[in-house]
Number of protein chains: 2
Amino acid sequence: MSARPHSQRHGPADGARWAEHARASLERAGFRRGGARRAVIEVLAAEPCALSALDIDERLSADRRRVGRASVYRALEQLTELELVHRLDLGSETARYERVEPGGEHHHHMVCDDCGKVLPFEDAGIERAVTKVTGGAGFEVRDHEIVLHGACESCR
Amino acid sequence: MSARPHSQRHGPADGARWAEHARASLERAGFRRGGARRAVIEVLAAEPCALSALDIDERLSADRRRVGRASVYRALEQLTELELVHRLDLGSETARYERVEPGGEHHHHMVCDDCGKVLPFEDAGIERAVTKVTGGAGFEVRDHEIVLHGACESCR
DNA sequence: ATGACTGCAAAGCCTTTGCACGCAA
DNA sequence: TTGCGTGCAAAGGCTTTGCAGTCAT
């Protein structure tokens, strides 16, 4: 069984759809429209995988959008709370964030321990195995995170 | 399939065996004997699962062992480097550490998102599925980390 | 007009680094 | 005696909080 790159199954339209979904959810939750939050949503919509808060801040600066770093963190916290974004800890010292697809499909991550690169992958076998663990040991599983460590193609 | 608590398969002797193994590895690697490092090893030997640097520092204080926090971090770094200890990121803001069993057996973690409790579990099905992913996408998998999020028995 | 949203700056926390002393070899 | 190991204190880096001005409603 081989892992298939996530990008082969999801087109650029997913990002726009997610952004729309996110804005609607925020409005439904009683949030007002705000430039900073909207800007963060746009950055996350454009990148389907694992951005750090600093990454987001940098992309906003590159786009000439003056957004305070605190606002980035606040937006990420709110989006995470509404489960529109997933917060990940991939072993590096800084947290990373990525959008949650409305459809429920999701991916996991391979982290190159040499260069730090993060690659998404999906694998039906693992998903199946994880599902079977649900409910064991009196613990109610609601979510899971899988990280493969190793060396990427160019580093090994 | 149900997850089996890790403790049912490993007795208290494992810790002592690991400590011995760790000391020998350090000596072989050219390290001198030092009180702080030895103290950290003893704490890790007594607890098979997921301690933060602060946890370790607290246990040392409780044992009247005056060890600087910097020394704890330095010891953990060295032990991690020699692969005697695994550094984990379980979603909380702080890193956690646990000993690596010489035999190769290992466990993963369930994290209660309500109370923060960390529970170890092992599951052959997941291990098998992860093994099959190895080598996919040009990435060489050397290690993996699986975290189940949800609610523990007393919180759900 | 009201209070949510934001940017800036300051504060917090975990972790790392600098430095001089002490101890292993 | 040599220089690794350690403790203490200071510095770093990411993240959160306080606060006053701004903007959506």
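Chain naming here is simple, since letters A, B, ... match the order of the sequence lines and numbering starts at 1 in each.
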Does atom CZ (Arg33(A)) have a neighbourhood of more than 12 heavy atoms from anything else shown, all under 6.0 Å? no

Integer-rounded Å distance: [N] [atom2] and [X] [atom1]:
X        : N       : atom1 : atom2 : value
Arg32(B) : dA24(C) : CZ    : P     : 10 Å
Leu88(B) : dC14(C) : CG    : C1'   : 17 Å
Tyr73(B) : dC14(C) : OH    : P     : 7 Å
Glu81(B) : dT16(C) : CD    : P     : 13 Å
Asp57(A) : dG7(C)  : CG    : C1'   : 11 Å
Arg69(A) : dA10(C) : CZ    : C1'   : 15 Å
Glu93(A) : dC13(C) : CD    : C1'   : 15 Å
Asp55(B) : dT15(C) : CG    : P     : 10 Å

Nearest-nucleotide check on DNA chain C, Gly35(A) vs Gly34(B); residue mapping nearer the 5' end is Gly35(A)

Which residue, Gly30(A) or Arg96(B), contacts DNA chain C at a nucleotide closer to its 5' end, judged by nearest heavy atom? Gly30(A)

Does Arg96(B) come within less than 4.0 Å of Glu98(B), counting only side-chain N to carboxylate O? no

Give a yes or no on whether a salt bridge exists between Arg65(B) and Glu42(B), defined as a side-chain N under 4.0 angstrom from a carboxylate O. yes

Boundaries of the DNA chain D segment in contact with chain A, non-hydrogen, under 4.0 Å: dC14(D) to dT25(D)

Which nucleotide in the list dA24(C), dT15(C), dC8(C) gets nearest to the side chain of Ala70(A)? dC8(C)

Parallel, tilted or perpendicular: which fits the ring planes of His108(A) and His144(A), with parallel below 30° and perpendicular above 60°? tilted

Could you give me the CA-CA distance, side-chain angles and deciding distance for His106(B) and Glu122(B), then say whether side-chain hydrogen bond (donor to acceptor under 3.5 Å, both in side chains) is met? CA-CA 7 Å; His106(B) 65 276; Glu122(B) 10 185 315; over 6 Å; no

Verify, without hydrogens or angle tests, whether Arg32(B) (side chain) and Gly30(B) (backbone) share a donor-acceptor contact under 3.5 angstrom. no

Hey, does [X] reach any base, or is it just sugar-phosphate, or nothing, if we go heavy atoms under 4.0 Å?
X        : value
Arg33(B) : sugar-phosphate
Ala36(B) : sugar-phosphate
Arg74(B) : base

Pair Glu20(A)-Arg23(A), salt bridge (Lys or Arg N to Asp or Glu O under 4.0 Å): steps then yes or no: CA-CA 5 Å; Glu20(A) 198 47 54; Arg23(A) 282 188 286 263; 3.4 Å; yes

Measuring to OP1 and OP2 of dC14(C), would you say a side-chain N or O of Thr94(B) lies under 4.0 angstrom away? no

